[in-house]
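In what follows, a structure is listed as structure tokens, so that the remarks can point back to it.
Only this structure's heavy atoms are used, side chains among them; waters, hydrogens and symmetry mates stay out. Since the structure is predicted, the reported quantities are computational estimates derived from the model, not experimental observations. Numbering of ligands and ligand atoms starts at 1, following listing order.
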Amino acid sequence: MVFIPENFLSNAVKAFPSSGIGKFFDIKTIKPEAISFGLGEPDFVTPQVLREAAVRSLAEGKTSYTSSAGVPELRKAIAGYLEESFGVSYDHRDEIIVTVGGSEAIDIALRALINPQDEIIIPEPCFVSYKPCAALAGAKVVTVPTGMESGFKVTAEELEKYLTPRTKALFINSPSNPTGVAMTKEELLPIADFVKKHNLLVISDEIYAELTYDAKHCSIASFPGMKERTVIISGFSKAFAMTGWRIGYICAHPAIIKAILKIHQYVVMCAPMIGQYAALEGLKSGGVEVARMTEEYKRRRAFVVSRFRAMGLPICEPGGAFYAFPCIKETGLSSEEFCERLLDEQCVAVVPGNAFGASGEGFIRCSYATSMEMLKAGLERMEIFLRGLKRA
Ligand SMILES: Cc1ncc(COP(=O)(O)O)c(C=O)c1O
């Protein structure tokens, strides 16, 4: 018999495309001379105090598995931090699991919650892993398109239209990847009411919670009656510049945490110990560094937004994260054509908006987690590219 490996793949995997970010993610390997705004990753190295804590933990021989839910001191520190920063209170003993990045958190939370054909509402454009992970968990994904008119925000009224008797959960990601949009307390409140009225759960990805520039982050879990209905996904990758350490966490009701923990134990056993000690130090003494990086992103946001507007590209001002999501519809190019040509002609990498769902078509995602010098040079090149398009 001829061996055809494709015949052995699961239909679920075959059904979804590879991440549209993939190509632009590795651009530096393929095109080292490119200026890349493609990566959703801080350009800062992990703050020194955190790295020192990791080295110390190694010197002390902390090289083993940890408790599956994570090092208790870290869980305690996460609980204290969430209470103090966002007014949400979790018991470190049975309401928090430390995960292998926010990525694992998304996957295992979905797998613990979804039955085949349960519907999950995901506002779009959205982070690339939500839909594939939901589909792998067996969910029917119901996407809600958003655009510039609504500031890329969903409302309870809009969500009502997508509700069916099978709706189980709603994804919220504020501040958002890819749009940078941060929902205010006033905007989240009616959504919380919608969730309670229809007896739903919220999976609230708050991984950019610290990186807000106009107003303090609001967690939907902080509203009355919402803590038990919310599964918070978060982590250290972004605000603490710890992408390579792979430390995230989930906070939820003990019954939900218990179910998620079962999967976590089977698939990864625990998050890496060294990373957990670095993260612990981050919560103890990394606040100054987080504030310094946040200030720098804020400075870059102002620069990037004003440059896009000066180039004639409409943009919703991002309230958080480190992404700008300008509209390129005026150019007449599709998102992919725009990105391909910008890369070929000016050696600048950005990500096509449709990588984040159909409603991202006509937009590009530009990460400003890169130096001011690179931003200046890359946006200069983009302006030359746009001028060239107008002349053609
Ligand atoms: C919205 C969002 N959630 C989760 C993640 C996963 O982060 P990590 O697995 O690095 O903690 C990312 C990474 O880009 C993200 O943008």
Using a 4.0 Å cut-off to any heavy atom of Ser237, which atoms of ligand 1 qualify? 8 (P), 10 (O), 11 (O)
Does the Gln276 side chain pair with the main chain of Val71, one donor and one acceptor, at a distance under 3.5 Å? yes
Is it true that Arg246 lies under 4.0 Å from ligand 1, counting heavy atoms only? yes
Using only atom types and a distance under 3.5 Å, with no angle test, would you say the side chain of Asn173 pairs donor to acceptor with the backbone of Pro175? yes
contact_flag Val100 ligand 1 heavy-atom lt 4.0 Å: no
Check ligand 1 against Gly101 and write out every atom of the ligand that is under 4.0 Å from a heavy-atom position of the residue. 9 (O), 11 (O)
Atom indices of ligand 1 within 4.0 angstrom of Tyr208 heavy atoms, with elements: 1 (C), 14 (O), 15 (C), 16 (O)
Close side-chain approach of Phe363 to Lys329, heavy-atom, < 4.5 Å: yes
Under-4.0 Å heavy-atom contact with ligand 1, by part of Asn173 that carries it: side chain
Has Lys140 got more than 12 heavy atoms of other residues, nucleotides or ligands less than 6.0 Å from its NZ? no
Atom 12 (C) of ligand 1: which of Phe127, Tyr323, Phe171 has the nearest heavy atom? Phe127
Of Thr230, Leu159, Leu201, Leu200, which is the lone residue that meets side-chain contact (heavy atoms from CB on, under 4.5 Å) with Val195? Leu200
Side chain of Glu124, backbone of Ala358: donor and acceptor closer than 3.5 Å? yes
Winner among Asp205, Ile247, Thr243 once heavy atoms are compared against atom 4 (C) of ligand 1: Asp205
For Tyr130, is the nearest heavy atom under 4.0 Å from an atom of ligand 1? yes
Relative to each other, are the rings of Tyr130 and Phe127 parallel, tilted or perpendicular (30° and 60° limits)? perpendicular
Heavy atom of Lys238, distance to ligand 1 below 4.0 Å: yes
Closest to atom 8 (P) of ligand 1 among Gly102, Gly235, Gly40 (heavy-atom distance): Gly102
